[in-house]
Chemist: 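My questions all concern the structure below.
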Amino acid sequence: VQLQASGAGLVQAGGSLRLSCAASGRTFSTYVMGWFRQAPGKERDFVAAISRDGAITYYADSVKGRFTISRDNAKNTEYLQMSNLKPDDTAIYYCAGNDSGNYWFTRDYVYWGQGTLVTVSS
């Protein structure tokens, strides 16, 4: 499967942004999907993940209550709605998918999008 992330942008602190990740192929609904981010000079970190049917979601503590992950299996697309953005949220955001059923770690994800840059100004 190929993943294409979009929604990059520059936003002021306190603002909102929505990222999208479109997947090719017919097996999107069989993958756990996630979002990760990587700030300059730092490792790629888990942000959020969602189960195959969208019923279960997980979030990093740093984004809990501010970000919402969702998916539309009919459109082969996952989303990350980001609100109350902070300068620390500045990073390249990656969407990812896996068929292992795990959620939290980069090593569990096989498919990766190209990354989309989110910049939050103070």
Chemist: Does Ser122 reach the main-chain N or O of Pro87 with its side chain, forming a donor-acceptor pair under 3.5 Å?
Modeler: no

Chemist: Quick check: do Phe28 and Thr77 have side-chain heavy atoms less than 4.5 Å from each other?
Modeler: no

Chemist: Any link between Val110 and Val47 through a network of hydrophobic side chains (Ile, Leu, Val, Met, Phe, Trp, Tyr) touching at under 4.5 Å?
Modeler: yes

Chemist: Nearest 0.5 angstrom please: Trp104 CH2 to Tyr58 OH, how far?
Modeler: 7.0 Å

Chemist: Side chains of Leu3 and Met33: closer than 4.5 Å at any heavy-atom pair?
Modeler: yes

Chemist: Quick one: does Val32's side chain get under 4.5 Å of Tyr109's, heavy atoms only?
Modeler: yes

Chemist: Any donor-acceptor pair under 3.5 Å linking the side chain of Arg71 with the backbone of Ser51?
Modeler: yes

Chemist: Show the nearest heavy-atom pair for residues Asp53 and Ile56, with the distance to one decimal.
Modeler: OD1-N, 4.4 Å

Chemist: Tell me, which pairs form a disulfide (SG to SG under 2.5 Å) where one or both residues lie in residues 73-122, sequence neighbours left out?
Modeler: Cys21-Cys95

Chemist: Atom NZ of Lys64 and atom OG1 of Thr57: how far apart are they, to the nearest 0.5 Å?
Modeler: 9.5 Å

Chemist: Once rounded to the nearest 0.5 Å, what's the spacing between atom CD of Gln4 and atom CD of Gln114?
Modeler: 4.0 Å

Chemist: Which pair of heavy atoms, one from Gln38 and one from Lys42, lies closest together, and at what distance?
Modeler: NE2-O, 3.0 Å

Chemist: For the pair Phe36 and Phe46, name the ring-plane relationship: parallel under 30°, tilted 30 to 60°, perpendicular over 60°.
Modeler: perpendicular

Chemist: side-chain contact (heavy atoms from CB on, under 4.5 Å) for Asp89 and Met82? Distances and angles first, verdict last.
Modeler: CA-CA 9 Å; Asp89 295 319; Met82 304 183 292; over 6 Å; no

Chemist: Is there a side-chain contact between Ser20 and Lys75, using heavy atoms and a 4.5 Å cut-off?
Modeler: no

Chemist: Once rounded to the nearest 0.5 Å, what's the spacing between atom OG of Ser29 and atom CG of Asn73?
Modeler: 5.0 Å

Chemist: Look at the side-chain heavy atoms of Ile, Leu, Val, Met, Phe, Trp and Tyr, link any pair under 4.5 Å apart, and say whether Val1 and Ile69 land in one connected group.
Modeler: yes

Chemist: Decide whether Leu17 and Phe67 are clustered together by the hydrophobic rule: side chain heavy atoms of Ile, Leu, Val, Met, Phe, Trp, Tyr closer than 4.5 Å, transitively.
Modeler: yes

Chemist: May I ask you to check whether Trp35 and Tyr93 place their ring centres under 6.0 Å from each other?
Modeler: no

Chemist: Where do Gly101 and Asn98 come nearest, in terms of heavy atoms and distance?
Modeler: N-OD1, 3.1 Å

Chemist: Could you tell me how the ring of Trp112 sits relative to the ring of Tyr94: parallel (under 30°), tilted (30 to 60°) or perpendicular (over 60°)?
Modeler: perpendicular

Chemist: Rounded to the nearest 0.5 Å, how far apart are CG of Leu117 and CG of Leu19?
Modeler: 10.5 Å

Chemist: Can you confirm whether Tyr59 sits close enough to Arg66 that some side-chain heavy atom of one is under 4.5 Å from a side-chain heavy atom of the other?
Modeler: no

Chemist: I'd like to check Glu43 versus Thr106 (side-chain heavy atoms, cut-off strictly below 4.5 Å). Are they in contact?
Modeler: no

Chemist: With the side chain counted from C-beta on, respond yes when Tyr31 and Ile50 share a heavy-atom pair under 4.5 Å apart, and no when they do not.
Modeler: no

Chemist: Shared ILVMFWY cluster between Phe105 and Tyr103, side chains joined below 4.5 angstrom?
Modeler: yes

Chemist: Just how far is it from atom OG1 of Thr90 to atom CZ of Arg37, taken to the nearest 0.5 Å?
Modeler: 9.0 Å

